[in-house]
2 protein chains.
Amino acid sequence: MSGEPISAAAKGQRILLVEDDPNLGILLQDYLQLKGKYEVVLARDGEEGARQFSREKFDLCILDVMMPKKDGFTLGREIRKINPVIPIIFATAKTMIEDKSEAFTLGGDDYITKPFRIEELLLRINALLKRVNKQEKTPETETLDKFEIGDYLFDYTAQLIKKDDLQQKVSTKEAELLRLLCLKKNNVLTREEALISIWNDDNYFNGRSMDVFLSKLRKYLRDDPKVEIINVHGKGYKLIVN
Amino acid sequence: MSGEPISAAAKGQRILLVEDDPNLGILLQDYLQLKGKYEVVLARDGEEGARQFSREKFDLCILDVMMPKKDGFTLGREIRKINPVIPIIFATAKTMIEDKSEAFTLGGDDYITKPFRIEELLLRINALLKRVNKQEKTPETETLDKFEIGDYLFDYTAQLIKKDDLQQKVSTKEAELLRLLCLKKNNVLTREEALISIWNDDNYFNGRSMDVFLSKLRKYLRDDPKVEIINVHGKGYKLIVN
DNA sequence: GTTTCGTTTTAACAAATTTTAACAGAAATG
DNA sequence: CATTTCTGTTAAAATTTGTTAAAACGAAAC
């Protein structure tokens with residue numbers, strides 16, 4: 001019966017499940033804990049979900065879209081502000097996908113249409129977590145706030161890049177962009193993803209604007225040859241640290 | 001019965017078998033474990049197969065094409081996304097081969113038509129695994145990211161080819177193509193496979209575009225006579241390293 | 001309300017990457 | 001050996017990106 005060797009992906013990873021239907025909620029929670037070996041925290045509406053997310057640490061979120069008090073998309077946006085890389089799965093009715101999805105296909109996000117089969121959900125969870133786990137996690141990035149970039153130390157909140165004893169102030173947009181790059185260190189940050197996350201709109205002109213910021217960031221980081229922001233033509237950018 | 005020298009191929013290698021007919025499934029599983037000395041995980045439909053694949057490590061997949069929930073070809077594509085080199089054997093009815101096979105003769109893939117003799121299957125498994133195992137696994141290539149090519153060292157993520165102390169930047173497409181060649185070092189990389197993997201479409205023009213990149217790669221690598229990218233007429237290319 | 005300063009956007013041009021085109025050479029076909 | 005198909009190479013066109021400077025914007029100071 002194929003055994004159940006607990007994969008690397010399932011090492012006590014935590015899922016935030018926000019679902020207003022208590023029956024479905026409990027069912028999912030149980031299934032994911034039993035079959036998926038995940039630790040699942042269940043919140044009964046958007047507000048409670050937001051409260052839980054800001055209180056504890058999670059590796060993935062499952063958000064019902066239709067919820068009282070605060071809908072899933074709004075909650076998703078709030079969560080994205082705090083953590084732009086955590087994978088989110090939106091559970092939505094089929095008709096809803098068309099409209100909003102465009103603006104939300106970023107990140108490591110995924111959709112599942114209600115009603116769904118529970119195995120399908122577990123499948124997607126596994127896939128998303130696997131993808132994220134592949135990206136190296138340097139201990140520094142734990143905070144999502146301070147990043148080591150070669151010889152540099154980048155403090156997102158303070159908007160500072162330090163090297164040796166020199167400090168360089170950076171503007172808000174510069175900091176946001178660099179943060180996204182850091183969060184995806186050695187992986188591709190999509191243009192689209194960055195634009196939507198920072199500018200809320202990935203039109204041509206914002207794209208050009210972003211190019212200007214890329215150029216600035218490269219200037220800040222050019223004293224350490226180990227560090228490089230390379231372009232992935234037609235896709236986006238990679239922050240490389242050798 | 002040809003003796004039973006446990007080949008190099010059979011050193012605790014793992015096979016994912018996805019087959020919806022439980023009788024046949026169990027039969028195959030038992031046979032391959034006993035006669036083939038492989039560890040065989042059996043999944044009962046496409047979804048379970050995908051779940052298993054994302055959770056554990058395998059050396060080869062056997063996918064039934066006709067399956068409920070998720071057919072074998074779809075599953076194959078998903079698997080290919082995660083691992084572009086794992087050999088897949090599709091078990092299909094005779095009539096089905098014609099249509100879909102075109103787009104799927106990629107990889108180190110193989111077909112077997114139902115009904116088949118079970119020895120036939122084992123034969124093919126051994127052949128495929130032997131082929132894959134022949135491809136040298138230098139410790140560097142373990143990461144699927146850094147490759148030794150003769151005197152060169154190719155870093156896919158950083159998009160760099162190094163030789164001695166010289167560095168050569170390569171573009172994204174160049175890097176992607178070279179990576180595929182490296183993954184199949186000394187074996188054929190099908191044109192079709194490369195095109196679909198990199199361009200998502202193997203039409204004539206993308207093919208011509210790829211020829212241009214081949215030409216460029218040869219230029220980059222021409223300083224080491226041990227290294228060569230040769231054409232296999234009508235099939236594809238081989239990266240040869242003596 | 002105006003000035004000032006830092007930030008962001010727009011514009012203009014330069015450079016790199018990818019695609020298309022053109023032609024030449026090999027390999028297969030009959 | 002003539003013809004067709006496939007491949008190799010080079011150059012050009014098209015697209016995408018890089019960089020710089022000037023214009024527009026917005027918040028704080030005057």
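Note on naming: letters A, B, ... go to the chains in the order of the sequence lines (proteins, then strands), and numbering restarts at 1 for each one. Only heavy atoms go into these numbers, but all of them, side chains included; no hydrogens, no water, no symmetry mates.
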Handout entry: Gap between atoms CZ and P, on A:F205 and D:dC25 respectively (whole Å)
Key = 14 Å

Problem - OP1 or OP2 of C:dA16 under 4.0 Å from side-chain N/O of B:S171 - result: no

Handout entry: Whole-Å distance separating the CG atom of B:N206 from the P atom of C:dA21
Key = 13 Å

Practice task
Give one of base, sugar-phosphate or nothing for A:D211, where a contact means two heavy atoms less than 4.0 Å apart.
Solution key: base

Problem - Sugar-phosphate, base or nothing in reach of A:G234, heavy atoms under 4.0 Å - result: sugar-phosphate

Handout entry: Distance in angstrom units between A:L177 CG and C:dT9 P, rounded
Key = 12 Å

Practice task
Look only at the side chain of B:N206 and the backbone of B:L195, and say whether a donor-acceptor pair between them is shorter than 3.5 Å.
Solution key: no

Practice task
Establish, from distance only, whether the side-chain atoms of A:T74 and A:D71 form a donor-acceptor pair under 3.5 Å.
Solution key: yes

Exercise for the section: Scan B:Y237 against the nucleic acid and name what it touches under 4.0 Å (heavy atoms): base, sugar-phosphate only, or nothing. Expected result: sugar-phosphate

Problem - Residue B:S215, side-chain atoms from C-beta onward, closest of D:dG18, D:dT10, C:dT19 - result: D:dT10

Fill in the blank from the handout: Ranking D:dT9, C:dT17, C:dT9 by distance to the side chain of B:R218, first place goes to D:dT9

Handout entry: Separation of D:dT17 P from A:E192 CD (nearest whole Å)
Key = 13 Å

Problem - Rounded distance in Å - CH2 (A:W199) to P (C:dT10) - result: 11 Å

Handout entry: Most 5' of B:V170 and A:E174 on DNA chain C, judged by nearest nucleotide
Key = A:E174

Practice task
Look at all strands and tell whether A:K219 reaches a base, only sugar-phosphate, or nothing, counting heavy atoms closer than 4.0 Å.
Solution key: sugar-phosphate

Exercise for the section: Kindly check if the number of other-residue, nucleotide or ligand heavy atoms within 6.0 Å of NZ (A:K226) is above 12? Expected result: yes

Handout entry: Euclidean distance, atom CG of residue A:L195 to atom P of C:dT8 [Å, nearest integer]
Key = 15 Å

Completion exercise
Considering only heavy side-chain atoms of A:V212, the closest of D:dT17, C:dA11, D:dT10 is C:dA11

Completion exercise
Applied to residues 228-238 of chain A, the salt bridge (Lys or Arg N to Asp or Glu O under 4.0 Å) test, sequence neighbours excluded, yields A:E228-B:K169

Practice task
Tell me, yes or no, whether the heavy-atom count around B:F116 atom CZ, taken from other residues, nucleotides or ligands under 6.0 Å, exceeds 12.
Solution key: yes

Problem - Whole-Å gap separating C1' (C:dT10) and NZ (A:K216) - result: 12 Å

Fill in the blank from the handout: Per-helix bend value, the helix from C:dG1-D:dC30 to C:dG30-D:dC1, C1' rotation axes over five pairs per end, 10° rounding, shows 30°

Problem - A:N231 (side chain) donor-acceptor with A:G236 (main chain) under 3.5 angstrom - result: yes

Practice task
Answer yes when A:K69 and A:E48 have at least one side-chain N-carboxylate O distance shorter than 4.0 Å, and no when they do not.
Solution key: no

Problem - Separation of D:dT19 C1' from A:F213 CZ (nearest whole Å) - result: 14 Å

Problem - Flag, side chain of B:R208 to backbone of B:D211, donor-acceptor distance under 3.5 Å - result: no

Exercise for the section: For the residue pair B:Q168 and B:Y152, confirm or rule out a side-chain donor-acceptor distance under 3.5 Å. Expected result: no

Practice task
Tell me whether the OP1 or OP2 atom of D:dC6 has a side-chain N or O from B:R191 closer than 4.0 Å.
Solution key: no

Exercise for the section: Check whether the side chains of B:T157 and A:N186 place a donor and an acceptor atom closer than 3.5 Å, and report yes or no. Expected result: no

Within the sub-3.5 Å range, which N or O atoms of nucleotides 22-26 of chain C have a protein N or O partner, and how far apart are they?
none

Exercise for the section: Could you tell me whether B:S209 contacts a base, only the sugar-phosphate backbone, or nothing, with contacts defined as non-hydrogen atoms closer than 4.0 Å? Expected result: base

